[in-house]
K.L.:
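Below is a structure I'd like to ask you about.
Reminder, nothing fancy here: chain letters follow the sequence lines and each chain counts from 1. Values reported hereafter were calculated over all heavy atoms of this structure, with side chains retained and with hydrogens, waters and symmetry mates removed.
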Amino acid sequence: MASKSVLTSQSEDFPRWYQDVVAKAELADNGPVRGTMVIRPYGYAIWERIQGEIDTRIKAAGAKNAYFPLFIPESYLSKEAEHVAGFSPELAVVTHAGGEKLAEPVVVRPTSETVIGEFMAKWIQSYRDLPLLLNQWANVVRWELRPRLFLRSSEFLWQEGHTAHATSDDASAYAIRIQNDVYNDFLVNVLAAPTYQGIKPPSERFAGAINSMTCEGMMRDGKALQMATTHELGQNFAKAFDIHYQSEAGQAELCYTTSWGASTRLVGGLIMTHGDDAGLLVPPRLAPVQVIVVTVRDEPDVIEAADQVAKSLLDAGVRVEVDRGRGTFGRRVTDWEIKGVPLRVEVGPRDLAQGVVTVVRRDTGAKSTHGLGELAGGVPTLLETVQHDLLARAQSYLVEHTHDVTSVAGAIDAAKDGFARLAWDLVAGEGEREMNDQAVSVRCLQRRDGSMPTSDEEGDLVCLVAKSY
RNA sequence: CGGGAAGUAGCGCAGCUUGGUUAGCGCGCCUGGUUUGGGACCAGGAGGCCGCGGGUUCGAAUCCCGCCUUCCCGACCA
């Protein structure tokens, strides 16, 4: 039976749909101060899954976690000219503390290149100390003029990796490794959100970087979202903070540093990559709840069967919860659809009489019946099927919403629907300004074969342009 | 930060133009009952500094000023 829709549909009003999902899936609320965000338990559970997956990959890449302070002396920011110029407009600065005006104002970190640079300089003495591979999970503050939950909040959570290397080549290779083995691997294999990887044009580079790499995803409203980013900082920060080492030959040499991050914005990317008119849709490998077992009637034998189903799935390594005795069946079904739980197992008297349960896929709505005994074997397989189907669907979406064009005007037009791809030579300079006037920007540069260039100086590059978040 | 819209119960809204008894409605919430295979129904009930501060007035949700917050469109960004 069709019911009145719970959410604004994507086609009716996409921004409204996004807010409805955030609210009704109980992901987050606005905080009392403009731009701040309260992440609710279900939203945080998703973030914890993201954290866990990324953290494992970071450690596999050899970086170690540490923690640096929230407060940074204002003077640190000023040490790198481009860095301070880039971040000044969005800094939160503490001028008073302990009831008195501070001698030197303290900034709330917008990112930690500066403090970490200061300590890298202290810790690195010899080439034997390199590479130094650090990561921290932290909150950062960038005063946003136009906040949006998860996508752009004044305070957000992220991981920021910071590394120091003896050579430019080593720094570059490590940055590429992070980009591929941490970010791209997570995005493709866990989030099921394929992206275009490329380098940023000079205009879009991180403040203080010599090269920025990005993973650019396509949301279901045709706008691009930067899902993760990696920067080669060259020797800019090494110079500013005197990060040097003694080489094998006994010479003092400056280090090359990198930094890289992924944030709670990924939750926004998740919502807009997979979500549909029924709500959120979380890929199984990411989902904090992979299977929800719903009782159709709250009768003792049904409840007992539901608990047994949950136990057998739990034993099979499935993240499962049971929902029973809370409102009507239809209500509970809708609630879990909004939350995007990938599989629902319905346990009711009619099925039980035949020794089966009904399994429903959140992505397709397809129902199937499974014998009680074979559930623990079948569900993990089905979860993997859903995972692969979501990736395939997102992949097609990305391809279908990428249009090859041959002019700036054509690109601006194509950007109404997604990415436009065209020769970078046609765009660089005046073309980029023309696009920016239409709220279209260059998201990344690639080689013609789709691989990542080492620099924007490389000839014969293409650019992917789009409207973006 | 510029342009636009809006803040009244948890959510969505009416009331404001033309100031005047006790501020309404739908959903949700609580209690009891009937229900339950796709957002149930009946009955009873709780819940409001009408965003905050100031002003005008005998009297302000309503008129005036300031601020805060949210949403949309731009410029800036993970």
K.L.:
Closer than 4.0 angstrom, basic N to acidic O: yes or no for Glu216(A) and Arg443(A)?
P.N.:
yes
K.L.:
Under the rule for salt bridge (charged side-chain N to carboxylate O under 4.0 Å, His left out), what residues qualify as partners of Asp456(A), not counting sequence neighbours?
P.N.:
Arg205(A)
K.L.:
Determine, for Arg393(A) against Asp363(A), whether the closest basic-nitrogen to carboxylate-oxygen distance falls under 4.0 angstrom.
P.N.:
no
K.L.:
Which base, if any, makes a Watson-Crick or G-U wobble pair with U62(B), both distances under 3.5 Å?
P.N.:
none
K.L.:
Taking the cut-offs as 6.0 angstrom to the six-membered ring centre and 45 degrees off its axis, would you call Arg220(A) and Tyr397(A) a cation-pi pair?
P.N.:
yes
K.L.:
Is Thr334(A) reaching over with its side chain to a backbone N or O of Gly330(A), donor-acceptor style, under 3.5 angstrom?
P.N.:
yes
K.L.:
Is Trp17(A) close to Glu12(A) at the side-chain level, that is, under 4.5 Å between some pair of heavy atoms?
P.N.:
no
K.L.:
Is U18(B) paired to anything, Watson-Crick or G-U wobble with both distances less than 3.5 Å, and if yes, which nucleotide?
P.N.:
none
K.L.:
How does each nucleotide of nucleotides 71-78 of chain B score, in 5' to 3' order, for protein heavy atoms under 4.0 Å: base (B), sugar-phosphate only (S), or none (-)?
P.N.:
SSBBBBBB
K.L.:
Are the aromatic rings of Phe237(A) and His83(A) close, with centres under 6.0 Å apart?
P.N.:
yes
K.L.:
Whole Å only: how far is the CG atom of Asp20(A) from the C1' atom of C27(B)?
P.N.:
14 Å
K.L.:
Using a 4.0 Å heavy-atom cut-off, does Gly348(A) contact any base of the nucleic acid, only the sugar-phosphate backbone, or nothing at all?
P.N.:
base
K.L.:
Specify the separation, in whole Å, of atom CZ of Arg332(A) and atom C1' of G38(B).
P.N.:
12 Å
K.L.:
Rounded off to whole Å, could you give me the CG-to-P distance for the Asp335(A) and G28(B) pair?
P.N.:
12 Å
K.L.:
Considering Watson-Crick and G-U wobble pairs with both distances under 3.5 Å, what does U31(B) pair with?
P.N.:
A43(B)
K.L.:
Which whole number of Å gives the distance between the P atom of G38(B) and that of A78(B)?
P.N.:
48 Å
K.L.:
P atom, A9(B) versus G55(B): distance in rounded Å?
P.N.:
25 Å
K.L.:
Taking Asn139(A)'s backbone N and O only, do any of them form a donor-acceptor pair with Arg109(A)'s side chain (distance below 3.5 Å, no angle check)?
P.N.:
yes
K.L.:
Provide the distance between the two P atoms, one in C27(B) and one in A40(B), to the nearest whole Å.
P.N.:
12 Å
K.L.:
Report which part of the nucleic acid Thr358(A) touches: base, sugar-phosphate, or nothing (heavy-atom distance under 4.0 Å, all strands).
P.N.:
base
K.L.:
In whole angstrom, give me the gap between the C1' atoms of C58(B) and C68(B).
P.N.:
31 Å
K.L.:
In terms of side-chain geometry, is the basic nitrogen of Lys24(A) or Glu26(A) positioned less than 4.0 Å from the acidic oxygen of its partner?
P.N.:
no
K.L.:
Please report the distance separating the C1' of G10(B) from the corresponding atom of C29(B), rounded so that it comes out in whole Å.
P.N.:
8 Å
K.L.:
Does G12(B) pair with anything, Watson-Crick or G-U wobble, both distances under 3.5 Å, and if so, with which nucleotide?
P.N.:
C25(B)
K.L.:
Counting Watson-Crick and G-U wobble pairs only, both distances under 3.5 Å, name the nucleotide matched with C1(B), or none.
P.N.:
G74(B)
K.L.:
Give the rounded distance in Å between these two atoms: CG of Asp298(A) and P of G37(B).
P.N.:
11 Å
K.L.:
Between His165(A) and Tyr174(A), is the ring centre distance below 6.0 Å?
P.N.:
yes
K.L.:
Please confirm whether Phe206(A) and Phe87(A) have ring centers closer than 6.0 angstrom.
P.N.:
yes
K.L.:
Of Glu346(A) and Thr36(A), whose closest RNA chain B nucleotide lies nearer the 5' terminus?
P.N.:
Glu346(A)
K.L.:
Anything under 3.5 Å between a protein N or O and an N or O of nucleotides 30-32 of chain B, put it in a table, one pair a line.
P.N.:
none

K.L.:
Tell me what Ile338(A) touches on the nucleic acid: a base, only sugar-phosphate, or nothing, going by heavy atoms under 4.0 Å.
P.N.:
base
K.L.:
Base, sugar-phosphate or nothing for Gly35(A)? Non-hydrogen atoms, less than 4.0 Å.
P.N.:
sugar-phosphate
K.L.:
Can you tell me, in whole Å, how much space there is between the P of G12(B) and that of U70(B)?
P.N.:
14 Å
K.L.:
Just name whichever nucleotide pairs with G7(B), Watson-Crick or G-U, keeping both distances under 3.5 Å, else none.
P.N.:
C68(B)
K.L.:
Please give the distance between the P atoms of G24(B) and C16(B) as a whole number of Å.
P.N.:
15 Å
K.L.:
Regarding Lys24(A), tell me which of base, sugar-phosphate or nothing describes its non-hydrogen contacts under 4.0 Å with the strands shown.
P.N.:
nothing
K.L.:
Taking the C1' atom in each of C50(B) and U22(B), what is the distance between them to the nearest angstrom?
P.N.:
15 Å
